[in-house]
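All remarks here apply to the structure that follows.
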Amino acid sequence: MARRLRYQVATSLDGYIAGPQDEFDWIIMDPDIDFAALYAQFDTAVMGRKTFLVTLQQGGTGEMPGLDVVVFSHTLGPDDYPAVSIVNIDPVEHVRSLKAKPGKDIWLFGGGELFRTLLAAGLVDTVEAAVVPVLLGDGIPMLPTTASRTRLTLSHYRLYPKSGIVLLEYTVR
């Protein structure tokens with residue numbers, strides 16, 4: 001099976017992946033979500049600079065257990081963040097080369113702008129939105145408005161009754 005790029009992200013019901021101040025305290029942790037099984041599906045995570053900096057605000061180094069983390073940035077220095085790979089080249093070409101290599105699926109981790117870029121290049125294989133039952137009203141959209149129309153096919157869904165989270169998995173057509 002070919003290596004897939006999967007945009008897997010938590011989103012509010014009104015389509016935001018973070019609040020107006022980049023906050024994500026509205027994301028509920030459901031005890032029935034098996035995060036170990038989730039992480040085991042991937043060997044690489046890719047994200048943009050803004051998403052990476054938000055992860056650092058949590059006090060970590062940007063590492064994700066068992067995953068190679070690739071951060072796309074023209075401003076961050078690779079030597080400043082040794083726990084991850086800072087890539088200063090075109091994300092489209094780099095992700096294309098990652099997909100061509102053998103390995104597990106690649107997790108497109110947050111970042112609406114990177115999602116838009118990779119979707120427009122035809123590199124995103126699935127959109128997997130964990131819809132959290134909250135309306136934020138404002139914030140960072142799952143997909144910035146300059147994106148073009150993309151057809152999706154529902155391939156899987158799951159309700160987590162304890163939290164009300166609905167996982168919707170779509171294949172990009």
For Phe109, which of Val9, Val69, Thr55 qualifies under side chain to side chain contact (heavy atoms under 4.5 Å, CB included)?
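Output: one option passes, namely Thr55.
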
Report the distance from atom [atom1] of [X] to atom [atom2] of [Y], rounding to the nearest 0.5 Å.
X	Y	atom1	atom2	value
Ser12	Trp26	OG	CH2	5.0 Å
His94	Leu118	NE2	CG	11.0 Å
Asp34	Asp30	CG	CG	11.5 Å
Phe115	Leu5	CZ	CG	9.5 Å
Lys162	Ile33	NZ	CD1	11.0 Å

Is any side-chain heavy atom of [Y] closer than 4.5 Å to one of [X]?
X	Y	value
Tyr81	Thr61	no
Phe72	Thr117	no
Val70	Val84	no
Glu93	Ile89	no

Checking Glu23 now: which residues fulfil salt bridge (charged side-chain N to carboxylate O under 4.0 Å, His left out) with it, not counting sequence neighbours?
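Salt bridge (charged side-chain N to carboxylate O under 4.0 Å, His left out) list for Glu23, sorted by chain: empty.
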
Which heavy-atom pair separates [X] from [Y] by the least distance, and what is that distance?
X	Y	value
Ile27	Ala10	CD1-CB, 3.8 Å
Lys104	Asp43	N-OD2, 2.9 Å
Leu56	Gly62	CD2-N, 3.7 Å
Gly111	Ile17	N-CD1, 3.7 Å
Arg116	Pro144	NH1-CB, 3.1 Å
Asp14	Val134	OD1-O, 4.0 Å

For Leu67 and Tyr39: C-alpha separation, side-chain torsions, deciding distance, then whether side-chain contact (heavy atoms from CB on, under 4.5 Å) applies.
CA-CA 8 Å; Leu67 301 179; Tyr39 273 70; 4.0 Å; yes

In terms of hydrophobic clusters joined by side-chain contacts under 4.5 Å, are [X] and [Y] together?
X	Y	answer
Ile28	Leu168	no
Leu53	Met64	yes
Val166	Leu13	yes
Leu108	Ile106	yes
Val127	Val46	yes

Has the side chain of Thr51 got a donor or acceptor atom that lies under 3.5 Å from a matching backbone atom of Gly48?
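Not at all, since once roles are kept as given, no pair shorter than 3.5 Å links the two residues.
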
Tell me whether Ser73 contacts the main-chain N or O of Arg49 through its side chain, where contact means a donor paired with an acceptor under 3.5 Å.
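Looks like no, no N/O pair under 3.5 Å.
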
Could you work out, with side chain to side chain contact (heavy atoms under 4.5 Å, CB included) as the rule, every residue matching Glu128, not counting sequence neighbours?
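Glu128: side chain to side chain contact (heavy atoms under 4.5 Å, CB included) contacts with Arg6, Gln8, Thr126, Glu169.
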
Of Arg173, Arg4, Lys99, which meets salt bridge (Lys or Arg N to Asp or Glu O under 4.0 Å) against Asp125?
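Single pass found, and it is Lys99.
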
Steps toward salt bridge (Lys or Arg N to Asp or Glu O under 4.0 Å) verdict (Arg3, Asp105):
CA-CA 5 Å; Arg3 196 170 191 199; Asp105 286 345; over 6 Å; no

Can Ile165 and Val131 be said to form a side-chain contact (heavy atoms from CB on, under 4.5 Å), step by step?
CA-CA 6 Å; Ile165 292 172; Val131 181; 6.0 Å; no

What about Tyr7 and Trp107, are their ring centers closer than 6.0 Å?
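Ring centroids of Tyr7 and Trp107 are no less than 6.0 Å from each other.
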
Applying side-chain contact (heavy atoms from CB on, under 4.5 Å), run through Val172 and Leu119 and close with a yes or a no.
CA-CA 9 Å; Val172 178; Leu119 184 67; 4.3 Å; yes

For Val132 and Thr11, run side-chain contact (heavy atoms from CB on, under 4.5 Å): C-alpha distance rounded to whole Å, both residues' side-chain angles, the deciding distance at 0.1 Å, then the answer.
CA-CA 6 Å; Val132 178; Thr11 181; over 6 Å; no

